[in-house]
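Note sheet for the following structure.
Note: hydrogens, waters and symmetry copies are ignored here, and every other heavy atom, side chains too, is used. Numbered from 1 within each chain, the chains take letters A, B, ... in sequence-line order.
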Amino acid sequence: KISEKINSSFKKLRGNAVISENNVLDALKEIRLSLLEADVNYKVVKELIDTIKEKAIGSEVLKSVSPTEQFIKIFNDELSKVLGGSTTDLNLKVKPPATILIIGLQGSGKTTSSAKLGKFLKEKSKRNPSLCSVDIYRPAAIKQLEILCGQAKLNFIQNDNDKILDICRNAKEKAYNVGSDTLIIDTAGRLQIDEEMLNELKSIKNEIEIHETLLVIDSMIGQEAINVAKNFNDEIGIDGLVLTKLDGDARGGAALSAKYVTGKPIKLFGSGEGLDMLEIFHPERMASRILG
Amino acid sequence: LKQSVKIDENTIELIEEALIMSDVSVQTTQILIENIKKRVKNEKFENEATENFFLDLISDEVEKILKRDDLELNLNPHRLSVILISGVNGSGKTTTVGKLSGLLRKISDKRIMLVAADTFRAAAIDQLKVWSERSNVSFFSNDQKDPASVVYSALDDAIRQNIEILIIDTAGRLANNSNLMSEIKKIEDIVIKKTNSLPQETLLVLDGTSGQNALSQIEKFKEVITLTGVVITKLDSSSKAGFAISASRDFDLPIKFIGVGEKLEDLVPFDPSEFSRALFK
Ligand SMILES: Nc1nc2c(ncn2[C@@H]2O[C@H](COP(=O)(O)OP(=O)(O)OP(=O)(O)O)[C@@H](O)[C@H]2O)c(=O)[nH]1
Ligand SMILES: Nc1nc2c(ncn2[C@@H]2O[C@H](COP(=O)(O)OP(=O)(O)OP(=O)(O)O)[C@@H](O)[C@H]2O)c(=O)[nH]1
Ligand SMILES: [Mg+2]
Ligand SMILES: [Mg+2]
């Protein structure tokens, strides 16, 4: 644990009134190591350490806590601030059906999260969602969403052809006609460097009124989290992030990188495969997990 | 007189940045940098001491670590070969099974069967069935909810049909889920029981975009099943999968294939030289 590693470098701090630069040099090394091992992006770690050490140095050593605890608390608080600080609400107060677009890399958890989100909105926000899929590529992708909707008792809209924009328009219309106030569109996994697939998303956003675009990110993603998040945000525009598979033991530093580079809030996270395992994001808990 | 090249702090930092951002572990990065420092001390380099010069030296060393004589797929020439596929959720197992069967179908005339042992996830069986049609190989699934029972019945069927290569697709499972980890151990046990041997290959499919958790996955899967190799998928992404170095060095596992796309032909045998060149591009 990071506190144990920092404790030894702070043994020398006992009896000091103020945390000085020399005291913290070793502790900062440990924090840096810990953040890199947690998959926080190299450049983000650099900027965060520089910023936060300014706050730590010169702060009075409080009588009530050990210097280690205080130092870690400063970091925890600052990381929580980076991770949190903005609303996790979805932009749903619009003319129905409020339309949510789910995007992300292959295998990140979009289809599962789409169904989970439908269930979440139905049960927690008393909404009446419909779901559709424009993943016309992956074998049995549409069937996968259909089955999940069946399990969660959500309205699933069948495609009547395989043209992405027709599917979306048809779904909007069908959702409206059955009185759905929300439409969730599950998309195919794609690389943030795949121009053709980015253009597909751009055309959806150009032709179809999308009110909320959520980028789904696997919590075990590595250093490229920053480029994935940045590119999707710059090219497509996202309103929020969903972090999945947090029931695993990945430290999830990607969350920090993605939030840091896009400024977009992490709204929800997946804590298991079950359709009820989608929760509102907690910045403080994520900060301690990343810090170790 | 050859001028010995010096390596300054700034260059070390640039090298470290290049390694870390390729998802090489902190520990392996430190080791590789230490080795470079030793070489700079002991050898007389004529070239310019640029960061790229040192990264080329590191690529050479990485290639040596990754080059092994067990990179080939082990198949039994005289009887049924079983290939067990494992890995965490969404890593690319089902797609890899599909691609692998296509590859084996293309390069050999062996009778191949795919086993849909993911009885849990929605449309998992349907997904694998489509792949079996794409590569034109046999397919086995049944209504059993217990994956080990599916594998048991599949082995009966495979033996009856004189199948030569059986590839078992399993459900994604996070490595810290003890129930699911014992489930895959049970599947391995069933193969041992029915064939009197471990699977010829037990491959861990790792998502190429993952960070350091890939190493924890190898460690935990290795605790329950006898891994013979690793497949790294999604290397057509912007990720470099630097964790592969630790996979080879610390876990002594060969990387047998890499996935470079979503189509049938997008599975290629691992090339240590190409991989180490590409690490810092
Ligand atoms: N343990 C766990 N598994 C999850 C979570 N979210 C998704 N999964 C699993 O991750 C795997 C991939 O999920 P999908 O929903 O198919 O991912 P996707 O992004 O739609 O994949 P593509 O459409 O192929 O890009 C499945 O096995 C899911 O059950 C989570 O929060 N925890
Ligand atoms: N770009 C790219 N995508 C890949 C590659 N391999 C698999 N995929 C995609 O990754 C996603 C997940 O692949 P699956 O084969 O369903 O993964 P899985 O491990 O079987 O998933 P679960 O069974 O849900 O755990 C799909 O969209 C695949 O097309 C690859 O090498 N490159
Ligand atoms: Mg999907
Ligand atoms: Mg699968």
Could you tell me whether a side-chain N or O of A:Asp249 sits under 3.5 Å from a main-chain N or O of B:Gln217, the two making a donor and an acceptor? no
Do B:Thr209 and A:Asp218 come close enough that some side-chain heavy atom pair is under 4.5 Å? no
Please examine the side chains of B:Asn213 and A:Arg251, heavy atoms only from C-beta on, and report whether any two atoms are closer than 4.5 Å. no
Please indicate whether B:Lys186 has more than 12 foreign heavy atoms, meaning atoms of other residues, nucleotides or ligands, lying under 6.0 Å from its NZ. no
Go through A:Gln223 and B:Ser22 one step at a time and tell me if the side-chain contact (heavy atoms from CB on, under 4.5 Å) criterion holds. CA-CA 7 Å; A:Gln223 294 283 309; B:Ser22 300; over 6 Å; no
Heavy atoms from other residues, nucleotides or ligands near CD of B:Glu274 exceed 12 (cutoff 6.0 Å): no
When rounded to the nearest 0.5 angstrom, what distance separates CG in B:Asn89 from OG1 in A:Thr112? 8.5 Å
Quick check on B:Phe120 against chain A: is it the side chain, the backbone, both or neither that has a heavy atom closer than 4.5 Å? side chain
Separation between CE (B:Met21) and CG (A:Asn227), nearest 0.5 Å, reads 6.5 Å
Might you confirm whether atom CG of B:Asp8 has over 12 heavy atoms from other residues, nucleotides or ligands at distances under 6.0 Å? yes
NZ (A:Lys230) with more than 12 external heavy atoms under 6.0 Å: no
Need one label for B:Lys220: side chain, backbone, both or neither, based on atoms under 4.5 Å from any heavy atom in chain A. side chain
Segment of B:Asp207 engaging chain A (4.5 angstrom heavy-atom cut-off): side chain
Mind ranking B:Leu128, B:Asn177, B:Val88, B:Asp236 by heavy-atom pairs under 4.5 Å with chain A and telling me who comes out on top? B:Asp236
Would you call B:Glu13 and A:Lys46 a salt bridge, using N to O less than 4.0 angstrom? yes
B:Gln27 portion near chain A, given a 4.5 angstrom heavy-atom threshold: neither
Once rounded to the nearest 0.5 Å, what's the spacing between atom OG1 of B:Thr29 and atom OH of A:Tyr42? 9.0 Å
With a 4.5 Å cut-off on side-chain heavy atoms, are A:Leu36 and B:Gln212 touching? no
For the atom pair OG (B:Ser237) and CG (A:Asp194), what is the distance rounded to the nearest 0.5 Å? 11.5 Å
Checking heavy atoms, do the side chain of B:Ser216, its backbone, both or neither come under 4.5 Å from chain A? side chain
To the nearest 0.5 Å, what is the distance between CG (A:Asn41) and CD1 (B:Ile20)? 10.5 Å
Can you tell me which of B:Ser210, B:Ser239, B:Ala124 forms the most heavy-atom pairs within a distance under 4.5 Å of chain A? B:Ser210
Sidechain N-carboxylate O distance under 4.0 Å for A:Arg32, B:Glu16: yes
Part of A:Ile193 lying under 4.5 Å from any heavy atom of chain B: side chain
Hey, mind stepping through A:Gln106 and B:Glu262 against side-chain hydrogen bond (donor to acceptor under 3.5 Å, both in side chains) and telling me if it holds? CA-CA 9 Å; A:Gln106 290 87 346; B:Glu262 303 188 70; 2.8 Å; yes
Under 4.5 Å from any heavy atom of chain B - which part of A:Glu146: neither
Give a yes or no on whether a salt bridge exists between A:Lys43 and B:Glu17, defined as a side-chain N under 4.0 angstrom from a carboxylate O. yes
Mind checking whether A:Pro139 and B:Arg134 have side chains closer than 4.5 Å, heavy atoms only? yes
Roughly how far, to the nearest 0.5 Å, is CG of B:Asp126 from NZ of A:Lys143? 3.5 Å
With respect to chain A, which residue among B:Gly208, B:Ser238, B:Ser25, B:Ala123 yields the maximal number of heavy-atom pairs within a distance under 4.5 Å? B:Ser238
What part of B:Gln30 gets within 4.5 angstrom of chain A, counting heavy atoms only: side chain, backbone, both, or neither? side chain
